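As structure tokens, the structure follows; a few thoughts come after it.
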Amino acid sequence: MSAERDVVVIGGGPTAAGAVRALARKGRRDVIVLERESEAGGIPRHCGHTGYGVAEYGRLMTGPNFARRLAAELGAGADLRRRHTVRRLQPDGQLSVVGPEGSYELRARAVLLATGARETPRSARLVGGIRAPGIMTTGTLQQLVYLQGARPVRRVVIIGTEVVSFSAILTCRHAGIEIAAMIGEGFRTLARWPAHLVSRHAFGVSVLRGAHLEAIEGGSTVTGVRLRLASGQTRVIACDGVIFTGKFRPETALLADHPGLVDPGSRGPSIDQFRRLELPGYFAAGNLVHPVETAGRCFRDGMAAGEAIADHLAGVLPPLGDTRLIRAAGAIRSLYPQRLAGEGMAPIHFQVTEEVRGKLEIRLDGTLIWSRPRHYLAERRHTIPPWRLAGRHFAEAEVRIA
């Protein structure tokens with residue numbers, strides 16, 4: 001089976017729903033959404049706590065209720081195809097797809113990649129010790145608790161202090177799982193204030209800051225974790241489960257055949273201010289580009305991508321090859337957009353490798369045009385407003401924290 005459509009969106013989460021809404025408002029309804037899971041809605045499907053939906057639907061919702069609204073919006077504004085997996089991206093919007101009825105080719109005038117991000121598992125963190133049941137990521141925990149109604153462990157240690165780490169606390173509380181400790185390698189909680197105060201006073205969970213997980217102990221099951229504390233002392237905490245949270249990485253498996261499209265800093269696709277990849281007809285948005293933001297921010301990013309795709313279909317975007325490069329340096333881990341097309345400007349968003357006090361510098365073709373000392377926190381989105389570069393001609397900009 002082969003077909004050609006205006007737009008194909010890969011992924012069925014908040015970013016996709018935002019794009020479909022924006023495309024519909026622009027009169028573009030020849031849209032297919034390909035979701036590899038049996039249900040659309042993305043990560044919120046697994047999050048049983050509240051905190052969703054106010055900006056998008058005007059009411060406070062739990063994650064599953066928010067996901068159902070997203071899925072309904074996708075189904076109303078597009079041809080939503082569940083259990084359809086894209087195997088390969090080819091030039092000119094040609095996609096190789098596998099669905100319940102077999103393989104087929106699909107071609108689109110524009111393709112939006114909205115595949116999101118995933119947590120870094122224990123295997124990629126080089127943590128020693130046993131391999132046993134009870135060691136999982138937040139995503140796995142949430143699926144077991146909210147989708148299967150299981151209580152996989154009874155007493156856990158949570159590794160990480162990002163927003164998702166505190167979401168893991170809520171999931172554990174829902175399932176009746178005792179939280180022995182939350183471990184943060186840094187001396188500052190990565191989630192915004194007052195997350196750690198709420199967890200301590202409302203749930204009795206304190207954060208061990210400056211601690212390093214050395215090993216997971218036990219035999220056929222987990223019996224505890226061994227920590228190296230900031231003081232240099234070793235401490236063992238008894239538990240039967242370990243939850244690795246955060247350290248999100250973009251889900252870029254579809255770009256394996258196109259390594260030149262991946263930004264080495266963010267590990268996601270390199271984009272211009274219209275969210276275009278350098279592969280003509282392809283766009284990217286949401287946590288695939290900037291891990292990791294809230295569902296609401298991804299929805300809004302999807303809307304911006306949808307508007308850009310509508311302009312692309314109308315032929316009003318500047319040429320893809322007419323770009324100026326934006327490069328990260330020093331303590332900056334990643335930034336986006338990495339390119340500016342035409343004469344247009346856009347905010348430059350960046351993250352730092354770790355908490356740092358330094359001088360932010362902007363250089364255009366090697367010439368320093370602006371600098372300011374400031375305190376930058378890790379896992380936060382920092383922004384350079386577009387007027388910093390407005391009215392200036394350059395081929396390459398360097399953004400550095402020295």
Side-chain angles (χ1 to χ4, degrees), residues 117-142 145 152-173 175-219 221-249 291-292 331 333 351-357 375-380:
R118 53 185 170 80
E119 289 175 289
T120 301
R122 177 260 186 92
S123 58
R125 302 192 192 209
L126 304 179
V127 175
I130 65 166
R131 300 291 190 271
I135 305 170
M136 65 195 80
T137 62
T138 313
T140 300
L141 171 71
Q142 290 174 333
V145 171
V153 290
R154 296 184 177 276
R155 177 180 165 90
V156 300
V157 169
I158 296 174
I159 309 300
T161 61
E162 298 176 37
V163 172
V164 70
S165 312
F166 293 89
S167 176
I169 290 178
L170 297 177
T171 302
C172 288
R173 294 276 298 183
I177 298 171
E178 181 186 357
I179 302 168
M182 173 179 276
I183 309 301
E185 289 194 347
F187 289 94
R188 183 187 295 271
T189 302
L190 295 178
R192 293 185 183 274
W193 184 92
H196 68 286
L197 294 179
V198 172
S199 67
R200 184 174 67 200
H201 294 295
F203 305 126
V205 179
S206 297
V207 180
L208 285 177
R209 299 184 181 90
H212 174 69
L213 175 60
E214 289 192 332
I216 300 173
E217 299 187 337
T221 61
V222 175
T223 60
V225 296
R226 186 173 72 248
L227 307 175
R228 176 69 62 181
L229 304 180
S231 63
Q233 296 178 319
T234 298
R235 177 179 174 183
V236 175
I237 299 178
C239 62
D240 66 344
V242 182
I243 311 300
F244 287 94
T245 68
K247 293 192 175 182
F248 283 90
R249 295 292 180 264
V292 60
R333 182 181 75 188
Q351 292 182 336
V352 296
T353 54
E354 59 185 359
E355 182 178 354
V356 61
R357 293 183 184 273
H375 182 202
Y376 296 93
L377 300 178
E379 300 299 332
R380 307 287 174 87

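For clarity, every value in this text was computed on a predicted model and none was experimentally measured.
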What I'd like to find out is whether the side chain of [X] reaches to under 4.5 Å of the side chain of [Y], using heavy atoms alone.
X      : Y      : result
Leu141 : Pro152 : yes
Ile243 : Thr138 : yes
His212 : Leu227 : no
Ile135 : Ile216 : yes

Between the side chain of [X] and the main-chain N/O of [Y], is any donor-acceptor distance below 3.5 Å?
X      : Y      : result
Arg235 : Leu229 : no
Thr120 : Phe248 : no
Arg226 : Glu217 : no
Thr161 : Leu190 : yes
Arg209 : Ile183 : no
Glu379 : Ala191 : no
Thr171 : Gln142 : no

Q: Using a strict 4.0 Å threshold on nitrogen-to-oxygen distance, state whether Arg125 and Glu119 make a salt bridge.
A: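 No, no charged N to carboxylate O under 4.0 Å.
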